[in-house]
Amino acid sequence: MRTLIKQVLASKEPRDGLVVQGWVRTRRDAKGFSFLELNDGSCLANLQVIVDAATPGAADLPRLTTGASVSVGGALVPSPASGQKWEMRASQLELVGAADASYPLQKKGHSMEFLRTIAHLRPRSNLFGAVFRTRSRLAYAVHQFFQERDFVYVHTPIITASDCEGAGEMFRVTALKGNIDEQPQTDFFGRRAYLTVSGQLEAETFACALSNVYTFGPTFRAENSNTARHAAEFWMIEPEMAFCDLDGDMALGEEFIKAMARFALEQCSEDMALFAKFVDRGITERLRFVIERPFQRVPYTEAIAILEQCGRRFEFPVAYGQNLQSEHERFLTEEHCKSPVTVYNYPREIKPFYMRLNEDGKTVTAMDVLVPGIGEVIGGSQREERLDALEENLRHHKLDPKDYWWYLDLRRYGSVPHAGFGLGFERLLMFLTGVSNIRDVVPFARTPGSAEF
RNA sequence: UCCAGAGUAGCUCAAUGGUAGAGCAGCCGGCUGUUAACCGGCGGGUUACAGGUUCGAGCCCUGUCUCUGGAGCCA
């Protein structure tokens, strides 16, 4: 019966009759015996295994090279040498699968770029093992956060006919051959269909029935974006709350990010220590700071004023009515506030149709949470719940209200103020781990021109 | 998609237009309760691809591809 190395290393006393199975990280030969560093991915640390030359199976030792898979039976004993608390004395050794000299992962450090080219093997490296264990734990934390607060998890559709306008280009889904635009009514769904760019519109319908809901699933954007923080396929978290205004929305976003930072530090400490050592030396202090301090809340108008008066010369000019450029966002969060910043109440012209118009008639209840190093990590708003205002907004954006009949129905029947946001899971992971390229927090990244694995 | 930079051994990188090198990894040997082990030796190249200039191109020019950084779009 196999025991995971994580459990073996957590042992309180010596144990016998253990079986561990994993991959050889390195082998060091001594006189009459060998040291094996064994890793099975259950934790960052390796298990040091002592294999005496007389151990059954020891004849295979020369083939137990870096990358080979093995099964080892033996006893857990205190290690006489410093460097590890426990080690295993093998009583039986079996080579399961050899790895010859062409195995590309070496004992020494590799560049992130090189590891990306071997995405099928990089989870066997310390860094990517840590990244993907952390990703798994945080996915759990996301559900825990919402479930504890009585949010209902909604599986919004991945294939959709509706365009959540403003969210970017969509991938077409079709069963047609040849010209797919000639007779879209003959297509599988009887209309044009796409991969979802957001579950928001559907989530709103469930919030207007179950009160507090969230989605957590894959999202697709066909934008030709070539940056370290964009992927064509990513996972998005979208809470939606009925009877909630923009203040409540901003409060939830802040609470959520703080909870995730706390979870990472407390529940992923071994892997986080690796990130702090090799990826981002300041990550621990940065997350502590985020947890302890309130986020700065700055209306868009005030943000413009800060940027205009800061004395900094920006490559792109600061002007009311324009979107904040990356350099502006970075200045606000990294230099002016030195903490996450929530910018809210944007001009209506630069935001999508579903955001609620403020009393001033010029701004909408949009909010973006900006974090140091990443930029925008949350984009949200209070939704327009007034039927006439929403219809006018649709026309304002040159959209046909008929295409949004079911969305408008929510405003016809028992309409309520409601609000929500979208949060990129990968960007959250980047923020929490310090990993600076989104391709390195996705198991198999999909980006323009790249879907090899 | 735009701007900038890069592409040389398995990996990380050197090399005034004049014989393509080092460290690490690998292999062989030695030593050792070792731990990014150590010491000695050996093999390893269509210099991303396609053209061009030149007596001669890794180096200069043109095009293509890929990667990196920045920008736009956004989460």
Side-chain angles (χ1 to χ4, degrees), chain A residues 25-38 45-52 62 65-67 77 79-84 87 89 99-118 125-126 164-169 197-200 215-216 218-238 253 278 314-316 322-330 350-352 368-371 374-380 421-431 436-439 441-442 447-450 452:
Chain A
R25 283 296 174 77
T26 181
R27 187 191 82 227
R28 292 180 295 273
D29 296 324
K31 200 169 197 68
F33 64 100
S34 292
F35 298 96
L36 290 181
E37 292 280 343
L38 205 60
N46 301 325
L47 176 65
Q48 175 164 284
V49 180
I50 315 299
V51 184
D52 194 86
T65 52
T66 303
V77 299
S79 178
S82 63
Q84 59 282 317
E87 65 185 27
R89 290 209 150 274
D100 69 17
S102 66
Y103 182 66
L105 277 172
Q106 300 171 4
K107 289 180 251 184
K108 309 252 168 175
H110 287 293
S111 67
M112 305 285 262
E113 290 80 15
F114 170 69
L115 290 168
R116 253 174 242 154
T117 68
I118 50 167
S125 68
N126 284 338
C164 193
E165 178 256 352
E169 291 296 311
V197 292
S198 167
Q200 180 199 317
T215 76
F216 182 16
T219 308
F220 307 88
R221 305 273 167 93
E223 293 292 337
N224 190 13
S225 297
N226 283 289
T227 80
R229 58 188 187 284
H230 287 88
E233 176 183 311
F234 63 99
W235 281 58
M236 189 151 66
I237 298 151
E238 296 179 287
F278 292 112
F314 293 105
E315 189 185 344
F316 294 91
Q322 300 289 303
N323 260 313
L324 296 178
Q325 303 288 322
S326 285
E327 56 173 344
H328 304 150
E329 294 182 345
R330 291 179 73 105
I350 57 175
K351 290 293 179 183
D368 287 351
V369 176
L370 316 175
V371 297
I374 312 291
E376 184 180 341
V377 70
I378 285 181
F421 61 77
L423 181 147
F425 185 53
E426 284 78 8
R427 287 192 185 171
L428 176 69
L429 287 172
M430 293 166 70
F431 178 62
S436 59
N437 195 310
I438 198 168
R439 294 180 254 273
V441 296
V442 182
T447 52
S450 177
E452 169 79 13

Distance-only donor-acceptor test, E87(A) side-chain atoms vs G33(B) base atoms, 3.5 Å: yes

Touch class at under 4.0 angstrom, heavy-atom based, for T66(A) against every strand present: nothing

CZ-NE2 distance between F316(A) and H328(A), expressed to the nearest 0.5 angstrom: 8.0 Å

Sugar-phosphate only, base, or nothing, as touched by A101(A) at under 4.0 Å among non-hydrogen atoms: sugar-phosphate

Euclidean distance, atom CZ of residue R28(A) to atom P of G30(B) [Å, nearest integer]: 20 Å

Pairwise distance CD1(I374(A)) to CG(L428(A)) - rounded to 0.5 angstrom: 9.5 Å

Presence of donor-acceptor pair under 3.5 Å, side chain of Q106(A) and base of U12(B): no

Position toward the 5' end of RNA chain B (nearest nucleotide), E329(A) or R89(A): R89(A)

Whether F114(A) and H110(A) hold their rings parallel, tilted or perpendicular, with breakpoints at 30° and 60°: tilted

N/O donor-acceptor pair, side chain S225(A) with base C74(B), under 3.5 angstrom: no

OP1 or OP2 of U12(B) under 4.0 Å from side-chain N/O of S111(A): yes

Of the listed nucleotides A75(B), U32(B), A37(B), the one nearest the side chain of A30(A): U32(B)

Structure string for RNA chain B in dot-bracket form, Watson-Crick and G-U at under 3.5 Å, | interchain: (((((((..((((....[..)))).(((((.......))))).....(((((..]....))))))))))))....

Pairwise P distance, C73(B) and A37(B) [rounded to whole Å]: 48 Å

Euclidean distance for C1', A25(B) against C11(B) (whole angstrom): 7 Å

Atom P, compared across A50(B) and A57(B): separation rounded to whole Å: 15 Å

Comparing R439(A) and N323(A) on RNA chain B - which has the more 5′ nearest nucleotide: R439(A)

CZ-CG distance between R25(A) and N126(A), expressed to the nearest 0.5 angstrom: 4.5 Å

Any residue meeting ring-ring contact (aromatic ring centres under 6.0 Å, His included) with Y103(A), in chain and number order, not counting sequence neighbours: none

Sugar-phosphate only, base, or nothing, as touched by G449(A) at under 4.0 Å among non-hydrogen atoms: nothing

G29(B) to G69(B) separation - P atoms, rounded to the nearest Å: 44 Å

Rounded distance in Å between the P positions of G21(B) and G44(B): 12 Å

Sugar-phosphate, base or nothing in reach of F421(A), heavy atoms under 4.0 Å: nothing

Donor-acceptor pair (no angle test) under 3.5 Å: N226(A) side chain, U1(B) base: yes

Span that lies between the P atom of U46(B) and that of C59(B), in whole angstrom: 16 Å

Sugar-phosphate, base or nothing in reach of F234(A), heavy atoms under 4.0 Å: base

C1'-based separation of G5(B) from A9(B) [nearest Å]: 24 Å

Donor-acceptor pair (no angle test) under 3.5 Å: Q325(A) side chain, G72(B) base: no

Distance, P atom - from G23(B) to G58(B), rounded to whole angstrom: 24 Å

Separation of A36(B) P from R27(A) CZ (nearest whole Å): 17 Å

Side chain R221(A) and base A75(B) donor-acceptor under 3.5 Å: yes

U32(B) phosphate, OP1 or OP2, under 4.0 Å from K31(A) side-chain N/O: yes

Contact under 4.0 Å: S326(A) side-chain N or O vs G72(B) OP1/OP2: yes

Sugar-phosphate, base or nothing in reach of D29(A), heavy atoms under 4.0 Å: base

By side chain to side chain contact (heavy atoms under 4.5 Å, CB included) - contacts of N323(A) (at least two apart): I350(A)

Touch class at under 4.0 angstrom, heavy-atom based, for E37(A) against every strand present: base

hbond_proxy H230(A) side chain to C74(B) base (donor-acceptor, 3.5 Å cutoff): yes

Touch class at under 4.0 angstrom, heavy-atom based, for I378(A) against every strand present: sugar-phosphate

